[in-house]
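Working notes, structure below.
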Amino acid sequence: MSNIGIAILGGLTAMLGYGISDFLAKKAIDKIGNLKTLFYAQLFGVIFLLFYLIKDFSMPAFNLKSVISIFLFGVFNTVGYLALYKSFEVGKLSIVSPISSSYIILAAIISYFFFGETFSHLKIASLVLVIIGIILTATDFGGLKNGFDKKDLAKGVPEALLVFIIFGIYAPFWDKFLEGSGWIVWVILVRLVLAFILFVYWRGIRGKDLRIGGRSLIPTLFFVAFFEALASFGGSWGYHFSVNTT
């Protein structure tokens with residue numbers, strides 16, 4: 001498969017995964033809050049990503065630089081996802097999700113100016129199709145039918161714009177970081193760093209219980225984790241193999 005084909009397939013997988021996981025995450029957030037939803041989505045998602053190790057058990061190069069990088073990626077991931085889930089909690093999904101999901105636009109601009117990536121007509125067309133797909137997949141048309149007033153435009157939008165900025169800057173650097181072998185291990189470790197940060201904050205600093213408080217939400221959280229992990233896998237797979245194959 002060509003680099004463009006891999007990039008498109010990875011992008012479409014990420015689009016589908018994030019679009020579905022957003023809807024499901026909103027349901028969980030309304031019941032247990034954004035922090036618990038994020039914690040379990042990341043933790044459960046590791047289970048699904050581990051299956052890829054059966055196919056490819058190659059390990060990345062561990063050194064001080066890579067360890068520090070993973071920690072920093074984990075910190076930015078934590079801030080980005082907390083802002084994303086907070087926007088779901090206080091805003092309308094039909095408004096905030098398309099805004100936050102469009103970070104790919106900023107990522108493409110940064111890649112062009114700072115990493116020297118070229119944009120052919122085919123690549124530009126592919127980017128436009130992915131953006132349109134993200135908007136269509138992430139938009140809650142049911143919410144739009146119910147209507148909204150000017151107040152809705154303020155709720156969750158600042159958090160969604162923060163997501164747009166954080167992940168727009170994050171994605172190109174994550175792309176470069178995944179160029180070596182053992183990329184799936186990095187994807188898993190970043191999720192574990194995020195979960196660890198949330199655990200330390202919730203249990204260690206705030207001293208609160210992380211238990212869900214019932215089994216009824218476990219299936220929803222597993223589906224959130226599955227589709228979010230699918231999106232994370234698809235995007236990272238596209239980053240890695242679109243660079244490392246010819």
Side-chain angles (χ1 to χ4, degrees), residues 7 10-11 14 17-18 34-53 55-86 100 103-104 106-117 159 161-206 210 225 228-245:
Y18 284 129
N34 60 332
L35 196 146
K36 283 187 179 181
T37 301
L38 177 58
F39 176 77
Y40 285 105
Q42 296 297 304
L43 207 57
F44 292 164
V46 170
I47 299 173
F48 299 113
L49 292 170
L50 285 172
F51 282 103
Y52 188 80
L53 290 177
K55 177 182 181 299
D56 182 4
F57 199 69
S58 58
M59 290 289 109
F62 285 93
N63 51 51
L64 182 60
K65 181 180 178 181
S66 64
V67 171
I68 293 175
S69 296
I70 281 296
F71 177 76
L72 292 176
F73 280 127
V75 170
F76 279 96
N77 234 8
T78 302
V79 176
Y81 269 106
L82 283 176
L84 177 66
Y85 279 23
K86 185 64 177 180
S100 58
Y103 72 86
I104 187 175
L106 179 58
I109 295 172
I110 290 176
S111 296
Y112 176 79
F113 284 105
F114 291 94
F115 294 102
E117 290 195 12
E159 291 85 354
L161 290 174
L162 180 60
V163 176
F164 176 87
I165 294 171
I166 290 176
F167 285 131
I169 297 173
Y170 175 101
F173 290 94
W174 183 237
D175 179 3
K176 296 299 178 183
F177 187 75
L178 292 177
E179 290 183 359
S181 61
W183 63 277
I184 192 65
V185 176
W186 294 137
V187 176
I188 292 171
L189 287 178
V190 162
R191 301 177 75 89
L192 290 176
V193 169
L194 192 160
F196 176 75
I197 292 173
L198 293 182
F199 179 82
V200 170
Y201 170 74
W202 194 249
R203 288 286 294 168
I205 297 177
R206 299 191 63 181
L210 267 169
E228 199 279 329
L230 178 68
S232 179
F233 173 86
S236 299
W237 176 81
Y239 291 153
H240 175 76
F241 285 104
S242 64
V243 173
N244 288 282
T245 59

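In this chain, numbering begins with 1 at the start of the sequence shown.
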Original post:
Does a side chain donor of either N34 or T37 reach within less than 3.5 Å of an acceptor in the other side chain?
Top reply: no
Subject >> Candidate pair Y201 and L35, rule side-chain contact (heavy atoms from CB on, under 4.5 Å), full reasoning >> reply: CA-CA 10 Å; Y201 170 74; L35 196 146; 3.6 Å; yes
Rounded distance [0.5 Å steps], [atom1] in [X] versus [atom2] in [Y]:
{"X": "N77", "Y": "W174", "atom1": "CG", "atom2": "CH2", "result": "7.5 Å"}
{"X": "L189", "Y": "I184", "atom1": "CG", "atom2": "CD1", "result": "10.5 Å"}
{"X": "I197", "Y": "L82", "atom1": "CD1", "atom2": "CG", "result": "9.5 Å"}
{"X": "L38", "Y": "Y85", "atom1": "CG", "atom2": "OH", "result": "5.5 Å"}
{"X": "L230", "Y": "E228", "atom1": "CG", "atom2": "CD", "result": "9.5 Å"}
{"X": "I188", "Y": "I47", "atom1": "CD1", "atom2": "CD1", "result": "11.0 Å"}

Closest heavy-atom contact between [X] and [Y]?
{"X": "S111", "Y": "P172", "value": "OG-CB, 3.5 Å"}
{"X": "A229", "Y": "G45", "value": "CB-O, 3.8 Å"}
{"X": "A225", "Y": "A41", "value": "CB-O, 3.4 Å"}

**OP:** Return yes if some donor-acceptor pair links the side-chain N/O of R191 with the main-chain N/O of F44 below 3.5 Å, else return no.
**Re:** no
Original post:
Is there a donor-acceptor pair closer than 3.5 Å between any side-chain N or O of S232 and the backbone N or O of V187?
Top reply: no
**OP:** Determine, step by step, whether V185 and L53 satisfy the side-chain contact (heavy atoms from CB on, under 4.5 Å) criterion, reporting the C-alpha distance in whole Å, the side-chain angles of both residues, the deciding distance to 0.1 Å, and the verdict.
**Re:** CA-CA 8 Å; V185 176; L53 290 177; 4.2 Å; yes
Original post:
Got more than 12 heavy atoms from elsewhere within 6.0 Å of CZ, F62?
Top reply: yes
Original post:
What do you reckon, is CZ of F48 surrounded by more than 12 foreign heavy atoms closer than 6.0 Å?
Top reply: yes
**OP:** Pick out which of Y18, Y52, F51 makes a ring-ring contact (aromatic ring centres under 6.0 Å, His included) with F233.
**Re:** Y52
Original post:
Only one of L198, L194, V200 clears side chain to side chain contact (heavy atoms under 4.5 Å, CB included) with F196; which?
Top reply: V200
**OP:** List for me each residue that meets ring-ring contact (aromatic ring centres under 6.0 Å, His included) alongside F199, sequence neighbours excluded, and say none if there are none.
**Re:** none
Original post:
Is there any salt bridge (charged side-chain N to carboxylate O under 4.0 Å, His left out) pair reaching into residues 63-72, and which pairs are they, with sequence neighbours excluded?
Top reply: none
Can you give me every donor-acceptor pair (side chain of residues 161-170, partner residue at least two apart or in another chain, under 3.5 Å) with its distance?
none

Subject >> Within the 6.0 Å centroid threshold, strictly below: W186 and F177 >> reply: yes
